Amino acid sequence: MKFFPLPKSSLLKKSRDYKRVYQQGKRLQGRNYSIILTPNNVDTNRLGISIHGQVKGAVRRNRTKRIIREFYRLNQTFPQKGICSGTVENCSEDDLPKMDIIFTVRKGFDLKNPIEITQSVEDLFKKNDLFKSFFKSD
RNA sequence: UGGAGCGGGCGCAUGAUCGCUCCGAUUCAAAUCGGAGAGGAAAGUCCGGACACCACAGGGCAGGGUGGUUCGUAACGCGAACCGGGGGCAACCCCGGGAAAGUGCCACAGAAAAUAUACCGCCCGCCUCAGGCGGGUAAGGGUGAAAAGGCGAGGUAAGAGCUCACCGCUUUCAUGAUGACAUGAAAGGCAUGGUAAACCCCACCAGGUGCAAGACCAAAUAGGGAAACGUUUGAGGACUGCCCGUCCAAUGUUUCCGGGUAGGUUGCAGGAGGUGCCGGGCGACCGGUGUCCCAGAUAAAUGAUCAUGGUUCGCUUUCGGCGAAUACAGAAUCCGGCUUACAGCUCGCUCCAUUUU
RNA sequence: CGGGACGUAGCGCAGUCUGGUAGCGCACCUGAAUGGGGUUCAGGGGGUCGGAAGUUCAAAUCUUCUCGUCCCGA
């Protein structure tokens with residue numbers, strides 16, 4: 001069994017970090033959720049989770065957050081992996097920069113375990129060629 | 001056996017693997033090991049306190065809250081017991097100051113909605129063809145949510161507390177109770193419609209703001225104060241009329257000081273604490289003693305996966321098998337209440353009906 | 001964490017303080033006017049007053065609880 005620790009340094013903490021990602025990041029729209037990505041200058045990926053207040057009930061919000069975090073714990077390099085899976089070009093996961101990720105959830109989100117989220121996110125990356133938009137635009 | 005009332009409890013369990021937060025130990029550190037990790041409502045934020053800061057000579061008004069009595073409590077709008085009224089066959093449940101201090105309101109209907117009054121009536125008198133006029137009366141009809149004590153007898157032209165008995169009401173007295181109040185007696189002779197979750201009156205209560213309170217440490221940037229050393233001037237002021245010089249001023253550098261933002265630390269987990277036993281009390285609760293330490297996050301920890309087993313439902317139906325479901329809901333300074341939400345399981349006491357003995 | 005406001009016809013709002021009749025504009029329907037449409041005029045329909053209890057003879061209105069939406073302060 002492999003170890004997948006998730007310390008707090010792998011989470012976004014500050015309001016200005018969130019603002020930077022919202023302003024500079026690339027957005028992927030899923031079903032009642034979206035993922036925002038931007039490269040950072042730290043040597044790890046960092047995750048932030050934002051759940052809309054219309055998701056009623058603190059229990060439901062907390063549970064959604066924990067499931068997303070569990071998904072991230074098991075797939076900490078999913079942005080790099082996803083970008084490579086979405087392009088036809090030559091791509092190595094280790095050459096890509098580390099990312100800041102924000103996972104935003106809206107009303108109607110109904111994925112109930114990490115496996116469903118993994119499948120949904122993989123499908124999402126395959127539909128979008130992020131490699132091009134990040135590194136070929138200039 | 002069925003129905004009902006009241007008061008409690010539990011609210012999935014066990015194991016494995018991978019994670020998260022805090023505490024303790026080892027340790028330079030990294031890390032390792034050990035321990036702990038959501039609720040009965042953590043919720044709504046409706047009350048009350050603790051704690052903190054601010055304000056404050058004393059008193060009052062306005063505005064707000066509470067509302068039978070006596071206890072309990074740190075305190076309460078909470079709880080207990082009792083009192084009175086109402087509902088229920090019953091267990092039991094619900095309600096609670098003042099309407100004979102004052103003001104307002106009571107639609108429509110109705111003669112009249114509180115100063116009393118008279119539509120249909122009843123009775124008497126006069127005029128008189130039907131009927132009309134004047135007076136007496138409020139028992140009956142009618143209206144309305146509500147109609148001026150109820151009911152019976154006497155009384156009367158017809159009636160009326162006009163008189164009387166009983167009930168109710170008011171006042172006074174006596175007895176009992178800490179008290180709400182209860183019981184009894186006498187007198188009055190009907191005066192007192194409802195509404196205070198209308199204004200109001202009476203009694204009692206209360207400074208304000210809230211842990212993002214408050215305390216401490218403290219970048220960057222801008223600006224403030226002080227000191228030292230320089231610089232500039234045919235722009236200014238003072239010593240002095242002029243020059244030099246000095247001081248102020250302007251400006252630069254350095255150092256120091258104070259406030260203080262981001263950020264960090266603390267407040268922040270031993271408490272009106274839980275629980276066993278003993279004692280006091282009808283009870284709420286209180287006292288003594290033993291024992292336990294029981295979440296502490298901050299873009300905010302308490303999770304994921306798998307296995308086995310409960311419980312409930314559906315299908316199948318011989319054991320059994322398969323599938324589904326497993327409530328309401330997540331700590332944010334803490335505590336005492338209230339209110340609201342809640343799948344299902346379960347315990348105790350009591351009442352009613354039926355059956356058997 | 002603390003404070004405040006709102007919910008009434010399909011839509012936007014009065015009425016709530018001071019309890020008895022729910023009203024206005026737009027929209028909708030019918031008719032008139034026009035060759036037809038628009039404008040205009042006349043008439044009409046449509047509301048569990050967010051929900052539940054309570055006070056009262058009577059509640060959109062008063063009281064309590066509750067649901068939803070929005071806003072403000074830190």
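What you are looking at is a predicted structure, and each value in this text was computed from that prediction instead of being measured.
Summarising the base pairing, B:rG320 is matched to B:rU316 through a Watson-Crick or G-U wobble pair whose two defining distances lie under 3.5 Å. Across every strand in view, B:rG270 sits unpaired, with no contact that passes the Watson-Crick or G-U test at under 3.5 angstrom. Under the Watson-Crick or G-U wobble criterion, with both distances below 3.5 Å, B:rG348 is paired with B:rC6. For B:rA160, there is no paired base (Watson-Crick or G-U wobble, both distances below 3.5 Å). With both pairing distances under 3.5 Å, B:rU326 is matched to B:rG310 as a Watson-Crick or G-U wobble pair. Summarising the base pairing, B:rC244 is matched to no nucleotide, lacking a Watson-Crick or G-U wobble pair whose two defining distances lie under 3.5 Å. Pair assignment for B:rU137 gives B:rG121, based on Watson-Crick or G-U wobble hydrogen-bonding distances that are each under 3.5 Å. Look at B:rU1: its Watson-Crick or wobble partner, with both distances under 3.5 angstrom, is B:rA353.
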Distances under 3.5 Å only, N/O to N/O: pair up the protein atoms with those of nucleotides 304-307 of chain B.
from, atom 1, to, atom 2, distance (Å)
B:rA304, OP1, A:Arg63, NH1, 2.2
B:rA304, OP1, A:Arg63, NH2, 2.5

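The nearest whole Å value for the distance from the CG atom in A:Asn62 to the C1' atom in B:rA42 is 12 Å. In this structure, A:Tyr18 atom OH and B:rA299 atom C1' are separated by 4 Å, rounded to whole Å. Regarding A:Arg61, its CZ atom lies at a distance of 13 Å from the P atom of B:rA332, rounded to whole Å. Following rounding to the nearest Å, A:Lys65 (NZ) and B:rU302 (C1') show an atom-to-atom distance of 13 Å. We find that CD1 of A:Ile101 is positioned 15 Å from C1' of B:rA299, with the value rounded to whole Å. In this entry the distance linking NZ of A:Lys19 with C1' of B:rA299 reads 13 Å, nearest Å. Per the geometry, CG belonging to A:Leu11 stands 11 Å off C1' belonging to B:rA301, to the nearest Å. Atom pair A:Arg60:CZ and B:rG330:C1' shows a separation of 13 Å (rounding to whole Å applied).
Applying the salt bridge (charged side-chain N to carboxylate O under 4.0 Å, His left out) criterion to A:Arg60, with sequence neighbours excluded, gives no partner residue. The side chain to side chain contact (heavy atoms under 4.5 Å, CB included) test applied to A:Gln119 returns A:Ile115, not counting sequence neighbours. In this structure, the side chain to side chain contact (heavy atoms under 4.5 Å, CB included) partners of A:Glu122, at least two apart in sequence or on a different chain, are A:Thr118. Here A:Arg66 pairs with nothing under the salt bridge (charged side-chain N to carboxylate O under 4.0 Å, His left out) rule; sequence neighbours left out.
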Name each donor-acceptor pair under 3.5 Å that joins a side chain in residues 76-83 of chain A to protein atoms two or more places apart or in another chain, with its distance.
from, atom 1, to, atom 2, distance (Å)
A:Gln76, NE2, A:Pro5, O, 2.8
A:Gln80, OE1, A:Asn45, ND2, 3.1
A:Gln80, NE2, A:Asn45, OD1, 3.2
A:Gln80, NE2, A:Pro97, O, 3.0

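Residue pairs satisfying the ring-ring contact (aromatic ring centres under 6.0 Å, His included) criterion with at least one member in residues 43-67 of chain A, sequence neighbours excluded, are absent. Sorted by first and then second residue, the ring-ring contact (aromatic ring centres under 6.0 Å, His included) pairs with a member in residues 94-126 of chain A read A:Tyr33-A:Phe103, A:Tyr33-A:Phe109; sequence neighbours excluded.
Glycosidic conformation of B:rG49 is anti; the angle lies outside 90° of 0. In B:rA196 the O4'-C1'-N dihedral to the base is more than 90° from 0, which defines an anti nucleotide. Because its glycosidic torsion is more than 90° from 0, B:rC56 is reported here as anti. For C:rG43, the base adopts the anti conformation, since its glycosidic angle falls more than 90 degrees from zero.
The closest donor-acceptor contact from the side chain of A:Asp17 to the backbone of A:Arg20 lies at 3.5 Å or more, if one exists at all.
Secondary-structure stems of RNA chain C, taken as three or more successive Watson-Crick or G-U wobble pairs (i with j, i+1 with j-1) under a 3.5 Å distance threshold, comprise C:1-7 with C:67-73, C:10-13 with C:23-26, C:28-32 with C:40-44, C:50-54 with C:62-66.
Separating the P atom of B:rC202 from that of B:rG287 is a span of 41 Å, rounded to the nearest Å. Taking atom P in both B:rU183 and B:rG283, the straight-line distance is 29 Å, to the nearest Å. B:rG11 and B:rA81 have their C1' atoms separated by 34 Å, with the value rounded to a whole Å.
Looking at A:Asn40 and A:Met99, their side chains never come closer than 4.5 Å, going by heavy atoms from C-beta outward.
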Any chance you could lay out the side chain to side chain contact (heavy atoms under 4.5 Å, CB included) test for A:Ile102 and A:Ile49, step after step, and finish with the verdict? CA-CA 6 Å; A:Ile102 293 182; A:Ile49 303 168; over 6 Å; no

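Checking A:Thr104 against A:Ser34 by side-chain atom types alone, a donor-acceptor pair falls below 3.5 Å.
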